[in-house]
There are 2 protein chains.
Amino acid sequence: MPTLQDVAERAGVSLSAASRALSRDQKPVAAEKRERVLAAARALGYSANPLAQGLSTRQTGLVSIIVNHIGDLSDLDLFDILIGRLQDVGKQASIVRLGSVKSARDFLRGSISYHVDAALIFSDFIGPRQARDFFRTNHVIMLNGRQDSQSLSVQPDDAPGIQQAVENAARHQVETATLITGRESSELEKQRIAFYRTALARYGILVSTQLHGDYSYASGVTAARQIDPRHYTDAIFCTSDAMAMGVLDVLRDREDGIIPGRMRLYGFDNLSLTDLHSYPISSIGFDKRDYVEQVVSLLVDPAQARKGPRHLGVPTRFYGRQTG
Amino acid sequence: MPTLQDVAERAGVSLSAASRALSRDQKPVAAEKRERVLAAARALGYSANPLAQGLSTRQTGLVSIIVNHIGDLSDLDLFDILIGRLQDVGKQASIVRLGSVKSARDFLRGSISYHVDAALIFSDFIGPRQARDFFRTNHVIMLNGRQDSQSLSVQPDDAPGIQQAVENAARHQVETATLITGRESSELEKQRIAFYRTALARYGILVSTQLHGDYSYASGVTAARQIDPRHYTDAIFCTSDAMAMGVLDVLRDREDGIIPGRMRLYGFDNLSLTDLHSYPISSIGFDKRDYVEQVVSLLVDPAQARKGPRHLGVPTRFYGRQTG
DNA sequence: TTGAAAGCGCTAACAG
DNA sequence: CTGTTAGCGCTTTCAA
């Protein structure tokens with residue numbers, strides 16, 4: 001592998017001149033010299049060693065994405081866009097799956113993830129304080145809904161989407177609703193439930209039942225089976241599309257049937273799976289590209305990020321499909 | 001951040017002694033000295049800088065996963081297991097999404113991915129020769145079905161699963177079948193189609209039609225709409241589950257109905273989505289954990305890998321569900 | 001066993 | 001603008 005030294009020699013310049021010529025920011029180099037260096041680099045097939053660069057500059061070009069595990073359907077669409085955009089701005093994505101790790105801190109400390117330019121925290125195992133302790137970079141972006149005054153974060157604003165969904169229900173004469181939620185341990189989920197209840201109350205819709213799941217398809221199936229058919233309800237609001245899918249499949253099997261007409265079903269996340277003909281579930285979600293842009297904006301200009309608003313929001317909206 | 005220097009000073013030993021004491025392989029150090037070093041490291045909360053280590057050892061602990069894009073449903077289950085196992089063996093996964101990159105080579109050269117311990121090629125944009133050119137490591141594992149005598153690879157063996165699926169069809173008196181395939185530009189797909197045709201011929205099942213899709217749900221829908229209802233067929237074999245899902249949704253809407261009874265439907269990939277009640281599609285697939293173990297086995301012991309068989313296989317099998 | 005010292009490849013002060 | 005030089009933090013000879 002050719003080194004910068006080789007390039008410098010071939011171009012007949014000093015090491016530092018070569019370094020400056022190849023630097024991505026404008027450094028003082030005679031135009032003619034720069035040309036010779038670039039030519040030499042090209043001829044040799046030179047490419048800088050990022051490890052050596054990182055050792056000097058403390059920048060690795062790596063961004064860690066910290067998740068519990070992947071396969072949560074709701075994340076997939078997002079990650080593809082996110083990783084693509086990271087690459088656009090010259091960053092590499094490294095995925096850390098905390099689910100299979102005993103101690104997150106020890107694991108991270110030993111790995112290159114400790115030295116990333118930024119860490120994007122999706123895992124709800126990690127709070128803002130821990131996150132700062134877990135990474136050498138002070139550039140941590142909380143995306144799990146947890147945050148404090150020091151941290152940076154991007155968060156969907158659930159209120160508008162929920163408001164729109166409930167308004168849609170009201171417009172269709174819904175009078176009583178069932179709420180199927182996820183883990184109430186999460187602050188985010190608590191807040192979300194509050195939004196639903198407020199919006200429903202505003203339109204005079206009665207919450208007849210509230211059931212708990214864990215966001216998964218299976219838990220949606222379980223919850224739906226608990227709904228007493230004699231206990232009338234006009235609409236079911238789920239805090240994840242996966243649960244709504246489970247609910248839909250159970251309701252289809254029941255003789256009293258469902259949609260459209262008898263009952264309305266609303267999901268959450270706006271998964272691309274809801275485009276499948278068998279799961280035409282009305283949902284609530286945010287624009288993924290918009291969200292990713294917010295994240296990237298915090299990433300590309302750390303200084304700016306520290307001055308501007310630290311907590312960015314992305315509005316959700318209602319996506320109507322057959323079930324709502 | 002404490003450095004090795006700090007640890008050495010605190011322990012009252014030389015830099016190199018500290019290095020040896022902390023090394024993961026057995027290096028000659030007096031037992032008592034080692035203890036002091038370890039204690040000092042613990043006290044200081046020391047953790048080695050992987051960049052500096054990498055600069056010396058040329059090992060980064062990073063493994064690149066090269067894909068076209070993520071979101072191909074068939075990969076998701078696999079990646080979760082893969083990333084988890086990589087972490088188990090002390091490697092970090094970095095995902096490179098080629099879809100959004102103009103020149104793969106230039107992109108990789110400039111990034112830390114060029115210096116990874118190993119590269120796992122899922123993207124079918126890259127052949128074995130290019131792969132060797134694209135990474136500094138000679139440790140490239142082809143997982144896209146492309147390979148040559150020099151490369152390492154892991155590949156599902158499609159034959160047994162296809163054989164079993166066709167046998168299942170034959171046992172249920174299937175006499176004519178429709179084949180819905182993906183891009184025939186791929187060698188892998190060509191071979192797969194050959195397996196289907198051979199197996200079908202063996203049982204005297206006639207292939208009445210062959211249609212082309214691109215593995216996606218949408219293309220399955222399109223293909224299914226092209227099937228002439230008057231043109232009788234007992235079974236449809238799709239080379240992806242996503243296409244089979246599209247087919248199923250179209251057939252459901254048709255008055256002549258489908259499954260069970262009239263027609264059998266077989267997918268490919270054994271997606272976890274086929275566990276959804278609405279898509280109970282019989283499929284063909286391999287054991288994901290088994291597959292990942294093969295990959296990891298090539299990874300952990302490079303020397304061994306170079307001696308043993310370079311091309312590892314994982315058998316597929318038939319997974320019966322409602323449609324088959 | 002041990003420690004001094006020479007790198008690994010690059011960047012950034014610093015003095016011209 | 002330029003070249004010299006001192007690191008970045010760690011591993012690994014090499015003599016002792």
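The figures here come from the full heavy-atom set of this structure, side chains too, leaving out hydrogens, waters and symmetry mates. Just so it is clear: chains get the letters A, B, ... in the order the sequence lines come, proteins before strands, and each one is counted from 1.
- A donor N or O paired with an acceptor N or O is not found under 3.5 Å between the base of C/dG9 and the side-chain atoms of B/R58.
- Ring pair B/F134/B/Y114: centre-to-centre distance not below 6.0 Å.
- Computed from coordinates, the A/R20 CZ to D/dT4 C1' distance equals 10 Å when rounded to whole Å.
- Side-chain N/O atoms of A/S16 and base N/O atoms of D/dT4 include a donor-acceptor pair closer than 3.5 Å.
- Straight-line distance from the CG atom of A/L22 to the C1' atom of C/dA12: 16 Å, rounded to whole Å.
- A side-chain donor-acceptor contact under 3.5 Å links B/Q147 and B/H311.
- Side chain of A/S56, nearest nucleotide from D/dT11, D/dC8, C/dT2: D/dC8.
- Residues B/A52 and B/V29 both approach DNA chain C. Their nearest nucleotides, taken by heavy-atom distance, put B/V29 toward the 5′ side.
- Of the candidate nucleotides C/dA12, D/dC1, C/dT1, C/dT1 has the atom nearest to the side chain of B/A30.
- Counted by atom type alone, B/Q155 and B/Y291 present zero donor-acceptor pairs between their side chains at under 3.5 Å.
- Residue A/K27 places no side-chain N or O under 4.0 Å from the OP1 or OP2 atom of D/dC1.
- Atoms CG (A/D6) and P (C/dG9) sit 9 Å apart, rounded to a whole Å.
- Residue A/I112 contributes atom CD1, which lies 19 Å from atom P of D/dC8 at whole-angstrom precision.
- Listed candidates were C/dG3, D/dT11, C/dG9. Nearest to the side chain of B/Q53 is D/dT11.
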Query raised in the report: Can you list the steps and then say if A/D148 with A/R129 is a salt bridge (charged side-chain N to carboxylate O under 4.0 Å, His left out)?
Result: CA-CA 8 Å; A/D148 61 16; A/R129 298 198 57 132; 6.0 Å; no
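- One interatomic measurement links the two molecules: CG of A/L51 to P of D/dG7, which rounds to 22 Å at whole-angstrom precision.
- With B/S123 as reference, B/L98 is the one residue of B/N144, B/L98, B/L143 to meet the side-chain contact (heavy atoms from CB on, under 4.5 Å) rule.
- Relative to the side chain of B/T57, the nucleotides D/dT11, D/dT2, C/dG9 differ in distance, and D/dT11 lies closest.
- Backbone-only contact: A/T3 has heavy atoms under 4.0 Å from sugar-phosphate atoms and none from a base.
- Taking atom NE2 of A/H115 as the reference point, atom P of D/dG9 lies 9 Å away to the nearest angstrom.
- Computed from coordinates, the A/L15 CG to C/dA12 P distance equals 12 Å when rounded to whole Å.
- In this model, the phosphate group of D/dG3 is approached by a side-chain N or O of A/S14 to a distance below 4.0 Å at OP1 or OP2.
- Taking atom CD of residue A/Q59 and atom P of nucleotide C/dC10, one finds them 17 Å apart after rounding to whole Å.
- In the set C/dA12, D/dT11, C/dA13, D/dT11 carries the atom at the smallest distance from any side-chain atom of B/L4.
- In this model, the phosphate group of C/dG9 is not approached by any side-chain N or O of B/Y114 to a distance below 4.0 Å at OP1 or OP2.
- In this structure, A/R10 contributes its side chain and A/A41 its backbone to no donor-acceptor pair below 3.5 Å.
- Each of A/K33 and B/L55 has a nearest nucleotide on DNA chain D; the 5'-most of these lies closest to A/K33.
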